[in-house]
Amino acid sequence: MIELIDLRKVFRTPTGTIAALDGISLTVPDGEIHGIVGPSGAGKSTLIRCLTLLERPTSGSVLIDGTDMAALPARQLRQGRQRIGMVFQAGNLFDSRNALNNVAYPLVVTGTKKSAARARAQELLDLVGLGDRADSYPAQLSGGQRQRVGIARALAGNPSVLLCDEPSSALDWATTRQVLEVIKRVNQAIGITVLIITHEMAVVRQVCDSVSLLAKGKIEQRGPLGEVVTDYGSQLARDLIPLATAPVGAARAQLEVSFSSADFSIREVLRLLADLGSDTAIETGTIETLAGQRVGRFQIDVDQDSRERVVAQLQAAGLHVATPEAPPDLLADQGEEAQP
Ligand SMILES: Nc1ncnc2c1ncn2[C@@H]1O[C@H](COP(=O)(O)OP(=O)(O)OP(=O)(O)O)[C@@H](O)[C@H]1O
Ligand SMILES: [Mg+2]
């Protein structure tokens, strides 16, 4: 279990201080896969560095299985870190060692007998689906395979927590899916708690049980996937079910309609939308299965004059209706304002 309690990290710069983490409290229960998403500068890397104590938090606690990592003296911290397996962005393997020896390495340096370390490494390579590539060197493996060796190596010391920092950012989507499948398989096979830092919502959709949205050093929204996705109109609900862009007709109003199969059948929703009349048009929409439920979002376009009537009609039927927001400015930097 991972528990963060009021975690703060303040950087001093010549122009003032930056609160990169501004009071983060978060619990990830045993065996859960939790995603942390956030825009550039939100504090994701700082959070990972504080979790592994590569960076000392300014205040607050990092508890792994109840042990406060930040309170451990240096020597015990080295042992404490063994509870954490770390998967890096680009695998970070030794080029001069084959897959088996890369995985065995952390065991050998902590004093495990070579034969036992190699046997364990072979087991782990089997677990990530690379049992037959033990002799291959990193240069002979694809990016996704190297990442899977990295996962096997992270598991070598039997950690109770696996931290994945942007595990897929160097991979194409098909390979990303494979790597995520492996993370899921490992999670199910050994019940390890997983924290994935990512800027890709698709990663969250595919493997996470729960998610937190980090922005400007604070957690803005969090919850199990099934809950945040039906918190209609919230940032995470929108990001989890993205809509394709649609043209905006002049002198017409846009409305966003959201629903989940817990409340409606898709047939019902489509019938409701079709019955709105000829002064409305469905511009774009999506229906997906997320956390075991069907969820959908449609953008419809109505005559300004009919807006009020249409909103009332949809709301009376029990659908969630909102006015779509302008797309966020993705290039806006989140952490630049220094406080003197
Ligand atoms: N060593 C440091 N000294 C000063 N400021 C820092 C330091 N490290 C990070 N920051 C600042 O803290 C804030 C959060 O940075 P961080 O690297 O954690 O963001 P991030 O969410 O990982 O962004 P990205 O997605 O771009 O990697 C930023 O404003 C950054 O400039
Ligand atoms: Mg980062």
Side-chain angles (χ1 to χ4, degrees), residues 2 4-26 28 33-62 64 69-70 77 81 84-92 143 147 150-151 154 161-173 176 179-180 183 194-208 210-222 228 235-236 238-240 242 327-340:
I2 307 171
L4 307 178
I5 305 169
D6 202 17
L7 196 63
R8 279 171 210 282
K9 178 68 193 182
V10 178
F11 291 111
R12 298 192 185 289
T13 68
T15 50
T17 57
I18 296 172
L21 298 178
D22 195 4
I24 303 280
S25 293
L26 174 70
V28 184
I33 304 184
H34 187 82
I36 294 194
V37 290
S40 183
K44 301 183 298 296
S45 297
T46 308
L47 183 63
I48 280 267
R49 293 175 64 79
C50 284
L51 261 161
T52 52
L53 269 291
L54 285 171
E55 196 85 71
R56 281 263 163 199
T58 307
S59 64
S61 312
V62 175
I64 305 284
M69 303 285 286
L77 179 60
R81 278 207 187 106
I84 304 176
M86 194 62 211
V87 176
F88 300 94
Q89 199 159 349
N92 284 23
Q147 194 59 289
I151 294 170
V161 165
L162 190 65
L163 294 186
C164 308
D165 186 10
E166 300 274 2
S168 59
S169 61
L171 307 173
D172 63 51
W173 182 237
T176 295
V179 168
L180 295 176
I183 291 176
V194 183
L195 189 69
I196 302 183
I197 306 273
T198 182
H199 64 277
E200 289 174 284
M201 221 52 193
V203 169
V204 175
R205 277 210 299 271
Q206 200 190 328
V207 286
C208 292
S210 58
V211 60
S212 295
L213 172 66
L214 190 66
K216 297 185 181 177
K218 291 187 159 81
I219 291 180
E220 299 252 295
Q221 193 188 352
R222 91 179 76 192
V228 293
Q235 185 69 48
L236 281 176
R238 284 162 184 266
D239 291 349
L240 279 168
D329 183 358
L330 293 177
L331 294 178
D333 200 309
Q334 289 251 312
E336 285 296 270
E337 318 119 77
Q339 298 141 14

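Owing to the predicted nature of the structure, the values given are computational and were not obtained by experimental measurement. Just follow the structure's listing: the first ligand is 1, and inside any ligand the first atom is 1.
- Of all the listed residues (A215, G41, S45), G41 holds the heavy atom that lies closest to atom 13 (C) of ligand 1.
- Of all non-hydrogen atoms in R205 and D239, the two that sit nearest each other are NH1-O, 4.1 Å.
- By the 6.0 Å contact criterion, CZ on R12 is open, its count of non-hydrogen atoms from other residues, nucleotides or ligands being 12 or less.
- Proximity to P39 (heavy-atom distance under 4.0 Å) selects the following atoms of ligand 1: 21 (O).
- Relative to atom 21 (O) of ligand 1, the option among E55, R12, E166, K44 with the closest non-hydrogen atom is K44.
- With rounding to the nearest 0.5 angstrom, the CG atom of L21 is 9.0 Å from the CG atom of L4.
- Counting only N and O atoms by type, the side chains of S212 and H34 include a donor and acceptor under 3.5 Å apart.
- Not a single heavy atom of G217 sits less than 4.0 Å from an atom of ligand 1.
- Closest to atom 19 (O) of ligand 1 by heavy atom, among A19, C50, G43, A20, is G43.
- In this structure, A42 counts as a contact residue of ligand 1, since one of its heavy atoms falls inside 4.0 Å of the ligand.
- Residue contacts with ligand 1: F11 is placed with no nitrogen or oxygen under 3.5 Å of a nitrogen or oxygen of the ligand (distance criterion only).
- The shortest N/O to N/O separation between S40 and ligand 1 falls below 3.5 Å.
- For the Mg ion (ligand 2), the N/O/S atoms of S45 include one lying under 2.8 Å.
- Between C164 and I183, the closest heavy-atom pair is SG-CD1, 4.0 Å.
- The side chain to side chain contact (heavy atoms under 4.5 Å, CB included) test with L195 is passed by exactly one of L163, V161, I84, I33: L163.
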Test log, rule side-chain contact (heavy atoms from CB on, under 4.5 Å), inputs V37 and L236: CA-CA 9 Å; V37 290; L236 281 176; 3.9 Å; yes

